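Encoded as structure tokens, the structure appears first; notes follow it.
Not measured: the values here are computed from a predicted model. The analysis underlying the following values was restricted to heavy atoms, covering all of them including side chains, and did not include hydrogens, waters or symmetry mates. In what follows, every chain begins at residue 1, and chains take the letters A, B, ... in the order their sequences are listed.
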There are 2 protein chains.
Amino acid sequence: MNNLSNLFKEKNLKLTPQRYAIYNYLLGTKSHPSAEMIYEALKPHYPTMSLATVYKTLNTLIELGLVQQLNVGEDNFRFDAKAEPHPHIVCLECGKVDDIDELELNNINQIAQKYTNYKISSSKVYFYGLCPECQLKEEGDR
Amino acid sequence: MNNLSNLFKEKNLKLTPQRYAIYNYLLGTKSHPSAEMIYEALKPHYPTMSLATVYKTLNTLIELGLVQQLNVGEDNFRFDAKAEPHPHIVCLECGKVDDIDELELNNINQIAQKYTNYKISSSKVYFYGLCPECQLKEEGDR
DNA sequence: GTAGGTGCAAATACTTTGCATGACA
DNA sequence: TGTCATGCAAAGTATTTGCACCTAC
């Protein structure tokens with residue numbers, strides 16, 4: 001965690017308890033929470049923390065490259081402490097978002113580069129479907 | 001365009017000039033406009049049309065499967081009259097959004113299916129980079 | 001001690017909704 | 001003619017901003 005401290009120092013940023021808590025929470029969850037969800041999760045431990053601080057901190061962490069922002073098609077953003085690009089999958093029923101770590105799409109940018117005059121620098125891939133739990137519920141409905 | 005008329009009739013929907021204009025505008029552009037952009041583009045021809053109608057119509061067209069909604073990472077949605085899935089590319093400089101029609105990703109869902117317990121039904125792929133025009137501008141800056 | 005951060009409230013931006021009027025079928 | 005759509009204004013939701021006070025360094 002010393003890396004974090006140094007990284008903040010380099011940029012003349014302060015490592016406040018709020019920032020630490022938000023980043024740590026993101027590191028410790030696989031749920032790809034929204035700002036609101038992070039706020040609600042931390043409120044018991046940091047009762048004075050405001051939603052505005054969550055948003056500001058998330059933007060700071062994104063600028064530092066520690067966090068990425070996801071757009072699964074909802075009306076809000078979700079956040080992921082894994083900054084390396086990797087595909088995500090969204091449950092159309094319950095809204096859950098998971099990683100698909102095993103699927104390697106490293107070469108997709110190079111493949112796509114052949115078909116466009118844009119200079120590609122990154123990409124985002126989202127799959128949509130039913131999570132195992134919601135599949136079971138569907139079965140139960142029959 | 002008779003298909004459209006029939007499709008509307010089936011669903012007990014009325015094919016108003018506004019709906020016709022919005023769908024036609026989307027069919028005729030490759031710019032993947034936002035609701036606001038559609039509104040501004042049609043205002044000269046339909047001065048009484050309201051932004052609310054644009055939103056309502058877009059949601060209707062989406063339900064009919066005639067239009068798809070894009071989330072390129074901005075704070076708004078963009079719309080595309082090509083309902084079949086196809087990858088998009090976003091210019092990080094000017095915000096332009098283009099299709100990459102030639103890149104076929106039909107099999108990507110099946111490939112990803114091997115690595116997840118979700119039942120995959122669709123996917124969205126976004127590339128990010130610099131469009132040709134903005135690449136030239138960058139060159140000019142040096 | 002000071003630059004930078006927090007937290008509140010207000011502002012902004014996008015989208016949706018309620019409702020009276022209007023128009024397609 | 002009746003049902004559905006439009007258009008206005010107001011409401012709702014997500015996010016950002018301004019500013020006085022506070023705190024990490």
Which whole-number value in Å describes the distance from A:Leu13 CG to D:dT23 C1'?
-> 15 Å
For the side chain of B:Asn76, counting heavy atoms from C-beta on, which of D:dT16, D:dT15, C:dC14 is nearest?
-> C:dC14
Whole angstrom value for the distance that separates P of C:dT6 from NZ of A:Lys43 | 18 Å
Do the side-chain N or O atoms of A:Gln18 get closer than 4.0 angstrom to the phosphate oxygens (OP1, OP2) of C:dG7?
-> yes
Residue pair B:Thr57/A:Glu36 against DNA chain D: nearer the 5' end by closest nucleotide is B:Thr57
Tell me, with the steps shown, if B:Asn3 and B:Leu7 meet side chain to side chain contact (heavy atoms under 4.5 Å, CB included).
-> CA-CA 6 Å; B:Asn3 290 339; B:Leu7 183 57; 6.0 Å; no
With heavy atoms under 4.0 Å as the rule, sort A:Thr53 into base, sugar-phosphate or nothing.
-> base
Round to the nearest Å and state the distance from A:Asn59 atom CG to C:dT6 atom P.
-> 12 Å
Shortest non-hydrogen separation from B:His88 to B:His86 and the atoms involved | NE2-NE2, 3.1 Å
Could you check B:Lys14 against A:Ala52 and say which one's nearest nucleotide on DNA chain C is further toward the 5' end?
-> A:Ala52
Which pair of non-hydrogen atoms, one from A:Asn71 and one from A:Tyr126, has the smallest distance, and what is that distance?
-> N-OH, 3.1 Å
Over all heavy atoms of both residues, which pair between A:Leu103 and B:Ala112 is shortest? Give the atoms and the distance, please.
-> CD2-CB, 3.6 Å
Using a cut-off of 4.0 Å on non-hydrogen atoms, how would the nucleic acid contact of A:Pro47 be classed: base, sugar-phosphate, or nothing?
-> nothing
Verify the contact: side-chain N or O of A:Asn12 to OP1 or OP2 of C:dA3, cut-off strictly under 4.0 Å; return yes or no.
-> no
Can you tell which of D:dC8, D:dG2, C:dC8 lies closest to the side chain of A:Lys56?
-> C:dC8
Interatomic distance, B:Tyr20 OH vs D:dA5 P [rounded to whole Å] = 18 Å
Rounded interatomic separation in angstrom, taking NZ from B:Lys11 and P from D:dA5 = 13 Å
Per atom distances to the B:Phe77 side chain, the nearest of D:dT15, D:dG7, C:dT15 is C:dT15
Measure from the side chain of B:Thr48, starting at C-beta and using heavy atoms only, and say which of D:dT15, D:dG7, C:dA25 lies closest.
-> D:dG7
A:Gln135 and B:Tyr118 have their tightest heavy-atom pair at NE2-C, 3.5 Å
So which heavy atom on B:Ile22 is nearest to which on B:Thr53, and how close?
-> CD1-O, 4.3 Å
To the side chain of A:Tyr55, which of D:dA14, C:dT16, C:dG4 is closest?
-> D:dA14
Separation of D:dA5 atom C1' from B:Phe8 atom CZ, nearest Å, is 11 Å
Determine: side-chain N/O of B:Thr16 to OP1/OP2 of D:dT6, distance under 4.0 Å, yes or no.
-> yes
To the nearest Å, how far apart are B:Glu10 CD and C:dA25 P?
-> 15 Å
Heavy atoms under 4.0 Å, any strand shown: does A:Ser34 hit a base, just sugar-phosphate, or nothing?
-> nothing
When the distance from CG of B:Leu51 to P of D:dA5 is rounded to whole Å, what number comes out?
-> 18 Å
Minimum-distance nucleotide (side-chain atoms of B:Asp75 versus D:dT6, C:dC14, C:dT17) | C:dC14
Using a cut-off of strictly less than 4.0 Å, decide whether B:Ser50 has a side-chain nitrogen or oxygen near OP1 or OP2 of D:dT6.
-> no
